[in-house]
Amino acid sequence: MSAEIRLSDALDRVKPSATIAVTTKANELKREGHDVIGLGAGEPDFDTPDNIKEAAIKAIRDGKTKYTPADGMPELKEAICAKFSRENGLTYKPGQIHIAPGGKPVIYNAFLATLNPGDEVIIPAPYWVSYPDMVLLASGEPVAVQCGPDVNYKLTPEALEAAITPKTKWLLLNSPSNPTGAAYTKAELRALADVLLRHPHVWILTDDMYEHLVYDGFEYWTIAQVEPGLYDRTLTVNGVSKAYAMTGWRIGYAGGPEKLIGAMRKVISQTTSNPCSISQWASVEALNGPQDFLPERRAVYQQRRDMVVEGLNDTPGLTCPTPEGAFYVYPSCAGVIGKTSPSGKVIENDEVFAAELLEQEKVAVVFGAAFGLAPAFRVSYATSTEALQEALKRIHRFCSNLS
Ligand SMILES: Cc1ncc(COP(=O)(O)O)c(C=O)c1O
């Protein structure tokens, strides 16, 4: 008989990622031969641009296949410093840059390096599913602040002020947001910065992963740029995954104060060590190379967003705000809760809604409760226009058949 392994208490505090679960379930149904449309995945359907792929192939041919410094190689740190200066007006030295295998580990390394039991992290909800669980794994306490459609899914200065306690260690900002696509204007960040200036013990982790995916000419700002007085306690996180369609390459990065970056270096040096050397060379090309494909892709995403928002708002029981960015929309399904599907199932909440939609119409979306704000669901429009049109038809049929 094999012995039962006792798992860690920290692991007991977390749940598996709901977004990955939806994608797995949708793939399972596809393998069984069902015609499933997956609107659950959080990755671009575009390919990594060729010049970036070529840079990786060259790196392999040139033998750039060995360990690099644990938190990234100097050439990529230089490219990141240049990016922060060029696009965000932020001055960082290479010693202020942390590079890890994806944006996710950058954030986790920051929490591991700074959180002690009882430390609170303010997380505006709806939030990216991984934030609270990363905080919990690192022994901290996530403090979710509800930011519903009435406030355009954004944290208000009043709600921030009310959430801050002596135990607050971090405020986590994510603009444009996964799952809502909401992005903060300069004036909105200014108002939050005014609150933060009054609370010097609160650090700010801003996750700018979707920076390049903004629409209708939206002007992008990050908080340390809006209020230089916060620079010394802000970690500005970004990465190549979404803008450059490089999710599989696993490169994320951050700029921040040297002491924090040094602590994060200690974490990465004893855990993963350096991110893949080849992916780092590819990322140098991504950041330093031509950027002209970005507006082209942005235009395609914007068309899809408009089509999806219109289609969802035309569906009985759904209301969908128009977000500023990312490739997600977050419709409320409050209007269908309590109704019954033709199979006799009562739509008690958004989790049942998403499960029935997948079961009946083979459309995979992620239910809102997973992101901390219900009843709603997340639609990713990072898929072909044809697939989106068909999905909208099916969602419309599903909701119209509820009684
Ligand atoms: C808001 C947000 N931050 C960070 C990440 C992580 O990106 P990466 O794939 O680089 O770890 C994601 C990916 O889904 C995300 O949506």
Side-chain angles (χ1 to χ4, degrees), residues 16-23 38-46 48 52 71-72 76 80 83 98-112 121 123-135 137 142 147 153-155 170-184 204-214 220 222-223 235-254 264 268 271-272 275-276 279-280 282-283 286-287 301 323-330 366 370-373 378-383:
S17 160
T19 45
I20 292 177
V22 168
T23 310
L39 306 180
E43 65 180 350
D45 55 316
F46 293 109
T48 306
I52 299 174
D71 65 353
L76 182 52
I80 292 166
K83 176 262 179 268
H98 180 86
I99 306 167
K104 196 182 254 188
V106 170
I107 298 166
Y108 188 48
N109 291 345
F111 289 152
L112 277 179
V121 180
I123 308 178
Y127 43 69
W128 180 39
V129 287
S130 298
Y131 294 146
D133 292 296
M134 288 197 278
V135 170
L137 270 177
C147 306
Y153 298 126
K154 293 185 215 178
L155 182 66
W170 289 98
L171 162 67
L172 214 163
L173 286 177
N174 174 214
S175 171
S177 148
N178 176 2
T180 66
Y184 290 83
I204 304 101
L205 192 159
T206 174
D207 178 348
D208 299 352
M209 194 57 78
Y210 295 91
E211 169 184 10
H212 285 291
L213 305 179
V214 286
Y220 186 82
T222 190
I223 195 154
L235 186 70
T236 306
V237 177
N238 213 314
V240 295
S241 297
K242 313 287 173 170
Y244 299 95
M246 293 176 69
T247 45
W249 300 74
R250 311 308 303 134
I251 297 290
Y253 59 83
M264 292 166 66
I268 199 168
T271 53
T272 55
C276 169
S279 299
Q280 288 191 69
S283 301
L287 296 177
Y301 280 131
E324 294 87 355
F327 40 63
Y328 309 108
V329 294
Y330 200 71
V366 187
F371 305 101
L373 194 129
R378 187 190 78 174
V379 168
S380 163
Y381 54 84
T383 192

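Every number for a ligand or one of its atoms is a count from 1 in the order of the listing.
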Handout entry: Closest protein heavy atom (residue, atom, distance) for atom 7 (O) of ligand 1
Key = Met209 CE, 3.7 Å

Problem - Subset of ligand 1 atoms that lie under 4.0 Å from at least one heavy atom of Gly102 - result: 10 (O), 11 (O)

Practice task
Select one of side chain, backbone, both or neither to describe which atoms of Tyr131 lie under 4.0 Å from any atom of ligand 1, heavy atoms only.
Solution key: side chain

Practice task
May I ask you to check whether Arg250 has an N/O atom sitting below 3.5 Å from an N/O atom of ligand 1?
Solution key: yes

Handout entry: ligand 1 to Gly103 polar contact by distance, N or O atoms, under 3.5 Å
Key = yes

Practice task
Please confirm whether the backbone N or O of Gly325 pairs with a side-chain atom of Tyr301, one donor and one acceptor, at under 3.5 Å?
Solution key: no

Handout entry: Flag, side chain of Lys154 to backbone of Ala183, donor-acceptor distance under 3.5 Å
Key = yes

Handout entry: Student check: side-chain heavy atoms of Leu373 and Cys147 closer than 4.5 Å
Key = no

Handout entry: Taking atom 12 (C) of ligand 1 as the reference point, the nearest protein heavy atom with its distance
Key = Trp128 CZ2, 3.5 Å

Handout entry: Polar atom proximity, Thr247 to ligand 1 (N or O, under 3.5 Å)
Key = no

Exercise for the section: Would you mind running through ligand 1 and noting each atom that sits below 4.0 Å from a heavy atom of Asn174? Expected result: 1 (C)

Handout entry: Where ligand 1 meets Tyr210 - atom numbers and elements under 4.0 angstrom, heavy-atom basis
Key = 1 (C), 2 (C), 14 (O), 15 (C), 16 (O)

Problem - Trp249 side chain reached by Val240 side chain, heavy atoms, under 4.5 Å - result: no

Practice task
List the closest protein heavy-atom neighbour of atom 2 (C) of ligand 1: residue, atom name, distance to the nearest 0.1 Å.
Solution key: Asp207 OD2, 3.4 Å

Practice task
Using a 4.5 Å cut-off on heavy atoms from C-beta on, say whether the side chain of Val366 contacts that of Tyr328.
Solution key: no

Handout entry: Exam field: side chain Ser380 to backbone Ala41, donor-acceptor pair closer than 3.5 Å
Key = yes

Practice task
Could you check atom 14 (O) of ligand 1 against the protein and tell me its nearest heavy-atom contact, residue, atom and distance included?
Solution key: Lys242 NZ, 2.7 Å

Practice task
Decide yes or no for Tyr184 and Thr206: does some side-chain heavy atom of the first lie under 4.5 Å from some side-chain heavy atom of the second?
Solution key: no

Problem - Thr48 (side chain) donor-acceptor with Ala245 (main chain) under 3.5 angstrom - result: yes

Practice task
Provide the number and element of each atom of ligand 1 under 4.0 Å from a heavy atom of Ser241.
Solution key: 8 (P), 9 (O), 10 (O)

Handout entry: 4.0 Å heavy-atom contact, Trp249 with ligand 1
Key = no

Practice task
Report yes or no: does Asn174 contribute a side-chain atom to a donor-acceptor pair with the main-chain N or O of Pro176 at less than 3.5 Å?
Solution key: yes

